[in-house]
Amino acid sequence: MRARLRDAVRRGAARDDVELAGRVCSELSADLPDEDLGECLDDAIDMYRMGSKPRCEEVEYLGMVKEAIDRIEEGE
């Protein structure tokens, strides 16, 4: 499942689903203010170039993005 706000609206997803996705993305953006996450969090992972950050930052960044995707998919 792709974590896209626009797709959720197009699918006719419940307002709560759209609000959850928006809130999760906002929280992630606040935690990662220097990152350009874009509209789709899956793209942030797919487009990420391994080795472009120090290893400890890389693990933390990818973990945070994956956790946000999981929260949206699980409706948490």
Side-chain angles (χ1 to χ4, degrees):
M1 179 176 177
R2 307 285 288 181
R4 283 184 181 254
L5 291 174
R6 188 177 352 172
D7 289 345
V9 172
R10 247 190 242 132
R11 285 193 312 265
R15 180 178 179 92
D16 291 341
D17 292 343
V18 174
E19 289 175 1
L20 171 67
R23 188 179 77 242
V24 170
C25 289
S26 292
E27 291 170 5
L28 185 61
S29 292
D31 289 340
L32 301 169
D34 295 332
E35 302 295 332
D36 182 15
L37 297 171
E39 184 178 311
C40 180
L41 296 180
D42 287 324
D43 286 349
I45 289 179
D46 292 343
M47 303 298 283
Y48 183 76
R49 287 187 355 251
M50 295 302 285
S52 64
K53 296 181 185 298
R55 181 72 179 140
C56 61
E57 289 179 28
E58 187 169 76
V59 170
E60 183 178 17
Y61 168 80
L62 294 172
M64 290 173 76
V65 173
K66 179 66 175 134
E67 182 181 326
I69 291 169
D70 291 345
R71 285 179 60 199
I72 292 169
E73 288 177 352
E74 294 169 8
E76 294 179 6

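Residue numbers count from 1 along this sequence. Small disclaimer: the values here were computed from a predicted structure and weren't measured.
By the 4.5 Å heavy-atom criterion applied to side chains, L62 and K53 are not counted as neighbours. Taking the side chain as every heavy atom from C-beta outward, V65 and I69 approach each other to under 4.5 Å.
Expressed to the nearest 0.5 Å, how far CG of D36 lies from CE of M47 amounts to 11.0 Å.
Nearest heavy atoms, M64 versus L32: SD-CD2, 4.0 Å.
For R55, the side chain to side chain donor-acceptor pair (under 3.5 Å) partners are E58, not counting sequence neighbours.
Put simply, V59 and M50 are part of two different groups of oily side chains (I, L, V, M, F, W, Y) that touch within less than 4.5 Å, one to the next.
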List the atom pairs, with distances to 0.1 Å, where a side-chain N or O of residues 20-31 and a protein N or O form a donor-acceptor pair under 3.5 Å, not counting sequence neighbours.
{"residue": "S26", "atom": "OG", "partner": "G22", "partner atom": "O", "Å": "2.9"}
{"residue": "E27", "atom": "OE1", "partner": "R71", "partner atom": "NH1", "Å": "2.9"}
{"residue": "E27", "atom": "OE1", "partner": "R71", "partner atom": "NH2", "Å": "3.2"}
{"residue": "S29", "atom": "OG", "partner": "C25", "partner atom": "O", "Å": "3.1"}

